[in-house]
There are 2 protein chains.
Amino acid sequence: MNPGAKPFTIQDVARIAGVSAMTVSRALNTPQKVSPDTLERVREAVRRTNFVPNAMASGLRRARARLVAALLPTMVGPVFQEMVEALDLALHERGYQLMIGQSGYDATREDELLRAIVQRRPDGVVVTGVVRSEEGRRVLRASGIPVVETWELTPTPIDMLVGFSHPAIGAAVVDYLHARGHRHVAMVSAGDPRALTRVAAFTERAEALGMQTSLTAFTAAPSTMGAGRAGLAELLARAPGVTAVFCSSDMLALGAAIEARERGIAVPGQLAIVGMGDQSFAADAAPPLTTVRIDGTRIGRLAAEMMVARAEGQAPAAPVVDIGFSIVERAST
Amino acid sequence: MNPGAKPFTIQDVARIAGVSAMTVSRALNTPQKVSPDTLERVREAVRRTNFVPNAMASGLRRARARLVAALLPTMVGPVFQEMVEALDLALHERGYQLMIGQSGYDATREDELLRAIVQRRPDGVVVTGVVRSEEGRRVLRASGIPVVETWELTPTPIDMLVGFSHPAIGAAVVDYLHARGHRHVAMVSAGDPRALTRVAAFTERAEALGMQTSLTAFTAAPSTMGAGRAGLAELLARAPGVTAVFCSSDMLALGAAIEARERGIAVPGQLAIVGMGDQSFAADAAPPLTTVRIDGTRIGRLAAEMMVARAEGQAPAAPVVDIGFSIVERAST
DNA sequence: TTGTAAGCGTTATCAC
DNA sequence: GTGATAACGCTTACAA
């Protein structure tokens, strides 16, 4: 390394190539506007100096950072992985770089991160979930930066949105279980806002159908397999008669399936289990997990497209998209 | 939103507050150098405009971006999660923002990402694994940006390093299994460079101890539970006499454990299984998994400390740290 | 305590 | 096809 060594600037390269800084800039950005001869001299100078242009300077001048920021509540688990990968890929193809920041599931932290992001003047911001704090919404709105909220719906998006309805999921899972003959159901759930919405709709729908519901077993923050085991244990202690459980993530469902197995409870014979997310392991569990599938890849791709359209001055085809969900039926129900 | 609206600048705020831009800058960065009275007027103007300073401009002038970039090979699985979270937390405490980029397990992509990162002139770069391409190493070195390579050792780090020895892990697991009486061992492994190093050392050590080894079952790119199941199936078809398997990740080990169970093979009675990573689910599997633990939190924290020390002009206490590993013994062996 | 001037590295614009 | 100049928004250095 070269600690503290000032990297070469475009001026240095220009001097070495015997041209002006402007010509170096052209050689780098619009090579067709430079004579082949000059181009070669500049390229040689760039090679020799390992010159890499300063994006803060060019971003400042161009007022475009070619950067899109994504806010994730957490990297825990593969929940948002599909979305992030699709987003990264789609943006990369369009010449944008993705920058990821983690907010934790914490509102204060989210506001701070939002500020730090707006400071860098990215060409767009993708947030996971809707922005809840008034402060955060104000900062984003005032910044004029295109925003895509994802992963849920709201009647009042900041700007664009691509998500799905959590209440609809809660209700759909109840309907599915009801159709399969279940009359006493419950949930093992994390406590984040989106999961809570599903819980509420689940309970409401079950009651509307005259089913018996037992109090949801809530798990501590990270949705681990251990939490799923503990959650099911708690539930069974309280409500031994439950015949079907909807877990708020596949990891919890996997834990619940293991706990059931250890207790000699047959799945799905005595207890049906439904997960959420259709993560890679859901299909390979024993038994394979019935789960709610969200097309994360599609969310990521759509978000990227909307973002880029807006960044380049066009209006996105549709600023708000509900991508829906599907129940993938496997052997656990 | 406010598409295309130019956000307010420090000049706008200055005008509104009736002071100079410099005073606004001071009010924001060194409030103690501004009279309480003026401070209040500036704060009011900031509030009214929702002003957020432009980090490209201040970074350009200060030559410090207060930004650290981390390169992850992939977000698949929670392998690097502990490290990223510790890194994020430690940097946040010191006033730096973490920016994450994914390189995929692809060398070309890694070089591109490295360039994109160097362009933003972060105060430091943390890479997962050592940088393998000569191109990437040159770019980083020439940039003068502090670099911490992590997660493995090399005699030729670019700058700083905090990692552990993969060959030592391969050998240690063999020793552990040998001591437990196993004489025929094999691996189910992913094919990334670090895993390959463990495979090589594992095989070599086993042969040195006169143990029988069977060809490693290699799994396709993402280390999923399904890959673990398939890997064990392949291995058993080829080498039914194996009594112990070392899997290159806990996810693979979990899959192997499930596959064994489905086949009626007792774990650990007929087959011992060792995982790698000590991820959250390892302790809660049935049976709980013996695994190799890496202190990802410590890696993240140390990397942040080194980075910040160097960024602030001090020499880090030790530029190269081997944090070692430990074998966590549970019921799967 | 506050303000003025200059400059960080790049590119848009206009001239040659 | 190439170059000089100014400007992007902020902060350092210096002056008042």
Side-chain angles (χ1 to χ4, degrees), chain A residues 4-43 45-46 49-67 118-123 143-145, chain B residues 4-43 45-46 49-67 118-123 143-145:
Chain A
K6 296 261 174 298
F8 290 99
T9 71
I10 204 170
Q11 300 287 355
D12 300 322
V13 177
R15 198 172 318 115
I16 292 172
V19 297
S20 75
M22 214 29 241
T23 299
V24 176
S25 178
R26 287 198 192 93
L28 262 24
N29 298 300
T30 51
Q32 71 282 10
K33 293 190 174 175
V34 166
S35 79
D37 183 58
T38 316
L39 188 56
E40 193 35 61
R41 295 219 318 285
V42 171
R43 290 212 164 129
V46 167
T49 51
N50 282 300
F51 171 69
V52 177
N54 184 328
M56 292 191 288
S58 72
L60 183 58
R61 179 66 244 230
R62 295 206 231 231
R64 299 191 59 225
R66 302 238 99 191
L67 175 74
V118 170
Q119 284 181 357
R120 315 228 173 248
R121 303 288 191 267
D123 301 303
S143 73
I145 300 171
Chain B
K6 296 259 173 304
F8 290 99
T9 70
I10 204 170
Q11 300 287 354
D12 300 322
V13 177
R15 198 171 319 116
I16 292 172
V19 296
S20 74
M22 213 29 242
T23 299
V24 176
S25 177
R26 287 197 191 93
L28 261 25
N29 299 299
T30 50
Q32 70 283 8
K33 292 189 173 176
V34 166
S35 80
D37 184 56
T38 316
L39 189 55
E40 194 34 60
R41 295 220 316 287
V42 172
R43 290 211 163 128
V46 168
T49 52
N50 282 301
F51 170 69
V52 177
N54 183 327
M56 292 191 288
S58 68
L60 184 57
R61 179 67 243 232
R62 295 205 229 234
R64 299 190 63 225
R66 302 238 104 194
L67 175 74
V118 169
Q119 284 180 357
R120 313 229 173 248
R121 303 287 191 268
D123 301 304
S143 73
I145 299 170

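Quick note: numbers below take in every heavy atom, side chains included, and nothing from hydrogens, waters or symmetry partners. Letters go in sequence order (proteins before strands), and every chain restarts at 1. Computed from a prediction, not measured in an experiment: that's the story for all the values here.
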**Student:** Counting only side-chain nitrogens and oxygens, does Asn54(B) get under 4.0 Å of the OP1 or OP2 atom of dC8(D)?
**Tutor:**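 So the side chain of Asn54(B) is outside the cut-off, no N or O lying under 4.0 Å from OP1 or OP2 of dC8(D).
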
**Student:** Please tabulate the protein-to-nucleotide N/O contacts below 3.5 Å involving nucleotides 13-16 of chain D, giving atom names and distances.
**Tutor:**
none

**Student:** Taking heavy atoms of chain A and a 4.0 Å limit, find me the 5'-most and 3'-most nucleotide of DNA chain C within that range.
**Tutor:**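 Endpoints of the contacted stretch of DNA chain C: dG9(C) to dT13(C).
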
**Student:** Hey, mind stepping through Thr38(A) and Arg26(A) against side-chain contact (heavy atoms from CB on, under 4.5 Å) and telling me if it holds?
**Tutor:** CA-CA 11 Å; Thr38(A) 316; Arg26(A) 287 198 192 93; over 6 Å; no

**Student:** Give, for atom CZ of Arg121(A) and atom CG of Leu60(A), the distance between the pair rounded to the nearest 0.5 Å.
**Tutor:**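 Reported to 0.5 Å precision, the distance equals 10.0 Å.
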
**Student:** Can you work out whether Thr38(B) or Arg121(B) has the more 5'-proximal nearest nucleotide on DNA chain C?
**Tutor:**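 Checking each residue's closest nucleotide, the 5'-ward one belongs to Thr38(B).
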
**Student:** Which pair of heavy atoms, one from Val24(B) and one from Val19(B), lies closest together, and at what distance?
**Tutor:**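 Reported closest heavy-atom pair: CG2-CG2, 3.8 Å.
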
**Student:** With a 3.5 Å distance limit and no angle check, can you tell me whether Arg120(A) reaches the backbone of Ala55(B) through a side-chain donor-acceptor pair?
**Tutor:**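 A pair under 3.5 Å: no.
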
**Student:** So which atom in Thr49(B) and which in Phe8(B) form the shortest heavy-atom distance, rounded to 0.1 Å?
**Tutor:**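 Residues Thr49(B) and Phe8(B), closest heavy atoms: O-CD1, 3.3 Å.
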
**Student:** Quick check: closest heavy atoms across Ile10(A) and Ala21(A), and the distance to 0.1 Å?
**Tutor:**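 Nearest heavy atoms, Ile10(A) then Ala21(A): CD1-O, 3.7 Å.
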
**Student:** In whole angstroms, how far is the P atom of dG9(D) from the CD atom of Gln119(A)?
**Tutor:**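 Rounding to the nearest Å, CD of Gln119(A) and P of dG9(D) are 16 Å apart.
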
**Student:** Could you pull out the closest heavy-atom pair between Pro122(B) and Ala65(B), with the gap in Å?
**Tutor:**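 Where Pro122(B) meets Ala65(B) most closely, the heavy atoms are CA-CB, 4.4 Å.
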
**Student:** Measure from NZ on Lys33(B) to C1' on dT12(D) and round the result to the nearest Å.
**Tutor:**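 Spelled out: NZ on Lys33(B) to C1' on dT12(D) is 11 Å.
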
**Student:** Run Arg61(A) and Ser58(A) through side-chain contact (heavy atoms from CB on, under 4.5 Å) and show every step you take.
**Tutor:** CA-CA 5 Å; Arg61(A) 179 66 244 230; Ser58(A) 72; 5.7 Å; no

**Student:** Rounding to a whole Å, what distance do you find between Ile10(A):CD1 and dC8(D):P?
**Tutor:**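 It works out to 19 Å between those atoms.
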
**Student:** To the nearest 10°, give me the bend of the helix from dT1(C)-dA16(D) to dC16(C)-dG1(D), comparing the axes of its five terminal pairs at either end.
**Tutor:**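 Axis-to-axis angle, ends of the helix: 30°.
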
**Student:** Minimum heavy-atom separation for Phe51(B) and Leu28(B), please, with both atom names.
**Tutor:**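 Residues Phe51(B) and Leu28(B), closest heavy atoms: CE2-CD2, 3.6 Å.
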
**Student:** Over all strands shown, is Phe8(A) touching base, sugar-phosphate only, or nothing at heavy-atom distances under 4.0 angstrom?
**Tutor:**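 If one applies the 4.0 Å heavy-atom cut-off, Phe8(A) turns out to touch nothing in the nucleic acid.
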
**Student:** Round to a whole Å and report the spacing from CG of Asn29(B) to P of dC10(D).
**Tutor:**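 Taking CG of Asn29(B) and P of dC10(D), I get 11 Å after rounding.
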
**Student:** Does dG9(D) have OP1 or OP2 under 4.0 Å away from a side-chain N or O of Thr9(B)?
**Tutor:**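 No, no such contact exists.
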
**Student:** Under the side-chain contact (heavy atoms from CB on, under 4.5 Å) rule, what do Thr23(B) and Arg41(B) come out as? Steps first, then yes or no, please.
**Tutor:** CA-CA 11 Å; Thr23(B) 299; Arg41(B) 295 220 316 287; over 6 Å; no

**Student:** Can you check the Gln32(A) CD to dG1(D) P distance for me, whole Å?
**Tutor:**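 The distance from CD of Gln32(A) to P of dG1(D) comes to 10 Å, rounded to the nearest Å.
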
**Student:** Return the minimal non-hydrogen interatomic distance between Leu39(B) and Ala27(B), and the atom names on each side.
**Tutor:**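 Minimum heavy-atom contact is CD1-CB, 3.7 Å.
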
